[in-house]
Amino acid sequence: MTDVHIIGAGIHPFGRTDGMSGLDQGVFAVREALTDAGLDWAAMQFAFGGSAAAGNADAVLPRMGLTGVQFINVANGCATGGSALLAGYWAIKSGEFDVGIVVGFDKHPRGAFSPQPAASGLPQWYGDTGLMLTTQFFGNKIMRYMGLHGITPITLARVAEKAFENGAKTPHSWRKQPVDAETILNGQMVSDPLTKFMFCSPAEGGAALILVSDKKMRELGVRGPKIRGAAVRTRMEGSFEVFAPSLDIKRGASPTEIASKAAYEMAGVAPSDIDVAQLQDTESGAEIMHMAENGFCADGEQEQMLADGETRITGRLPVNTDGGCLACGEPIGASGLRQVYENVQQLRGRSVGRQVEKAKLGYTQVYGAPGLSGVTILEA
Amino acid sequence: MAEPIAPGLIDLSGDGPRLIGGRRKRDGKIVFPLPTGPEAANFDRITLQDRGTLWSYTVQRFRPKSPPYTGDDDERTFKPYALGYVELPDEVIVETRIEIDDFAQLKIGQPMALTLQRFRDDDTFTYAFKPV
């Protein structure tokens with residue numbers, strides 16, 4: 001079977017862009033990815049795209065050209081971008097196509113998401129009594145993790161401090177102002193132990209990637225990172241997920257743990273081989289827990305790793321080199337592709353000001369409600 | 001007269017209140033709340049223990065959006081409340097509001113007991129757990 005490579009990557013800066021719709025930002029990213037690859041839209045044999053709140057992704061078609069291309073809209077919660085990429089990967093891997101594009105974009109209203117119980121199959125009293133907030137889930141999950149594994153609040157603050165430090169060096173980030181750990185720690189409490197600086201916000205943005213087969217890459221005479229592993233997995237029995245009025249006492253594996261394991265097996269590499277990682281950091285605690293769930297450390301080791309700066313750009317395992325969701329915000333349809341975009345830049349040595357030296361293997365993990373995770377492993 | 005916020009949520013027939021859960025017929029898995037509608041046929045109704053231990057917790061520091069929240073407070077009168085999960089031994093871990101004045105006293109593993117709580121001023125009550 002052929003390998004699959006990423007030869008073009010485009011992004012519309014994340015954050016808030018007045019006067020541009022989500023679709024506008026998606027089209028911007030598509031054009032940038034095509035330019036990067038040196039290809040025209042007419043060369044695209046397939047497209048997979050997703051948007052959660054900014055319309056149908058295939059609305060890019062009239063803008064880019066009605067070429068008859070196979071375009072499939074993807075909707076998979078926060079892992080929409082990762083799922084579009086996986087679909088594109090298999091489209092080429094199967095031998096059916098040689099070149100195509102994956103795209104994600106979004107534009108969310110300001111403020112916290114406002115869920116309705118019935119939409120999640122839950123009784124109305126659950127929302128009535130103030131138990132249905134995603135922020136509570138994140139607080140509950142990291143509070144227990146901290147209690148079991150000796151993580152303290154300063155470590156949560158260090159995650160956010162690093163995010164803003166990296167965001168300040170990243171052209172596509174939203175938050176460009178460094179914030180020190182003490183300010184983060186003393187910020188307004190949202191859902192204990194998480195302060196307002198430790199949560200990402202819904203945002204806007206677009207990202208697109210051009211995928212090709214080995215053969216096509218040779219024909220075009222270009223190069224790009226190879227996708228060594230890619231997997232999406234959903235939750236199993238006993239996994240702790242958002243909006244759960246009850247949990248099983250017998251705990252089970254998280255979707256991240258099983259997606260991670262599958263991707264490592266596909267790639268034939270181990271966590272210790274990874275040079276740079278982009279991990280879902282909906283809030284500070286998520287990054288800490290995902291470090292362990294993706295195999296980068298044992299539970300509890302994060303406390304010392306963060307204190308020693310091991311996940312900073314100059315550290316042993318740089319995590320979220322573009323500031324992650326904390327500094328970029330979270331446009332659902334684009335967020336997973338933003339992580340892969342950042343790794344493509346890192347592996348091509350283009351991350352000016354935030355470059356991880358000699359990065360050869362890049363890892364991404366996107367996670368979202370109602371309990372799914374998407375992982376990719378790229379090789380320079 | 002005071003009423004539970006939803007039917008089928010709290011059993012008031014015994015000495016003290018009990019939460020109503022379901023035991024799945026296929027494999028004995030216990031869930032809370034008891035499912036309603038067609039899904040209910042797959043479960044037996046059971047009342048859950050009224051004692052357990054704190055599994056995790058957090059504090060809701062800002063007023064949740066309405067809808068879905070139906071508390072009768074507003075941005076100005078809102079008072080932060082604790083909530084979390086209580087493990088009922090050998091049964092299930094349930095999500096709950098927590099009655100406590102000093103949030104700093106909450107500790108994972110501490111014993112908790114079921115209570116009833118009026119969370120708005122219209123004679124409607126819900127369930128909560130409080131430290132024993």
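A, B, ... follow the sequence lines: proteins, then strands. Residue 1 opens every chain.
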message: Please classify the contact between Thr96(B) and chain A as side chain, backbone, both or neither, with a heavy-atom cut-off of under 4.5 Å.
response: backbone
- prompt: Tell me, side chain or backbone of Phe125(B) under 4.5 Å from chain A's heavy atoms, or both, or neither?
  reply: neither
task: I would like to know whether Thr129(A) and Tyr69(B) meet side-chain contact (heavy atoms from CB on, under 4.5 Å); could you show each step before the answer?
output: CA-CA 6 Å; Thr129(A) 57; Tyr69(B) 179 61; over 6 Å; no
message: Under the criterion side-chain contact (heavy atoms from CB on, under 4.5 Å), I'd like the reasoning laid out for Leu247(A) against Val92(B): C-alpha separation, chi angles, the key distance, then a yes or no.
response: CA-CA 6 Å; Leu247(A) 305 171; Val92(B) 68; 6.0 Å; no
task: Under 4.5 Å heavy-atom distance to chain A, tell me which part of Pro4(B) shows up: side chain, backbone, both or neither.
output: neither
query: Does Arg63(B) CZ have over 12 foreign heavy atoms under 6.0 Å away?
result: yes
message: Below 30° counts as parallel, above 60° as perpendicular, anything between as tilted: where do the rings of Phe32(B) and Trp125(A) land?
response: tilted
field: Set of ring-ring contact (aromatic ring centres under 6.0 Å, His included) partners for Tyr57(B), sequence neighbours left out
entry: none
query: In terms of heavy-atom proximity below 4.5 Å to chain B, should Pro245(A) be classed as side chain, backbone, both, or neither?
result: both
message: What's the separation between atom CZ in Arg144(A) and atom OH in Tyr85(B), rounded to the nearest 0.5 Å?
response: 12.0 Å
task: With a 4.5 angstrom heavy-atom cut-off, could you sort out which part of Glu91(B) is near chain A: side chain, backbone, both or neither?
output: backbone
message: Which one wins on heavy-atom pair count under 4.5 Å against chain B: Gln124(A), Met189(A), Gln116(A), Gln136(A)?
response: Gln136(A)
query: Any side-chain heavy-atom pair from Thr58(B) and Phe138(A) closer than 4.5 angstrom?
result: no
- prompt: Could you state the interatomic distance from OG (Ser191(A)) to CZ (Arg61(B)), rounded to the nearest 0.5 Å?
  reply: 9.0 Å
- prompt: chain B heavy atoms under 4.5 Å from Tyr126(A): which part of the residue, side chain, backbone, both or neither?
  reply: side chain
statement: Heavy-atom closest pair (Pro33(B) atom, Pro123(A) atom, distance to 0.1 Å) is CG-CG, 4.0 Å
- line: Cut-off 4.5 Å, heavy atoms of chain A, and the answer for Phe103(B) is neither
- prompt: Ile249(A) versus chain B, heavy atoms under 4.5 Å apart: side chain, backbone, both or neither?
  reply: both
field: Neighbour count >12 (heavy atoms, 6.0 Å) for atom CG, Asp90(B)
entry: no
Selection from Leu194(A), Ile142(A), Asp248(A), Leu122(A) maximising heavy-atom pairs under 4.5 Å formed with chain B: Asp248(A)
field: Toward chain A, the part of Leu54(B) with a non-hydrogen atom under 4.5 Å
entry: neither
- prompt: Hey, what do you get for CZ (Phe240(A)) to OG (Ser56(B)), rounding to the nearest 0.5 Å?
  reply: 6.5 Å
field: Top contributor to chain A interface from Thr70(B), Thr124(B), Ile108(B) [non-hydrogen pairs under 4.5 Å]
entry: Thr70(B)
- request: Report the distance from atom CG of Leu133(A) to atom NZ of Lys65(B), rounding to the nearest 0.5 Å.
  value: 9.5 Å
query: Heavy-atom count around Gln110(B) CD within 6.0 Å, excluding the residue itself: above 12?
result: yes
- prompt: Between Asn140(A) and Leu83(B), is a side-chain contact (heavy atoms from CB on, under 4.5 Å) present by the stated rule, with each step listed?
  reply: CA-CA 9 Å; Asn140(A) 271 312; Leu83(B) 65 131; 4.1 Å; yes
task: Apply the test side-chain contact (heavy atoms from CB on, under 4.5 Å) to residues Lys29(B) and Glu237(A): give CA-CA distance (whole Å), side-chain angles for both, the deciding distance (0.1 Å), then the verdict.
output: CA-CA 10 Å; Lys29(B) 173 186 163 107; Glu237(A) 294 281 351; 2.9 Å; yes
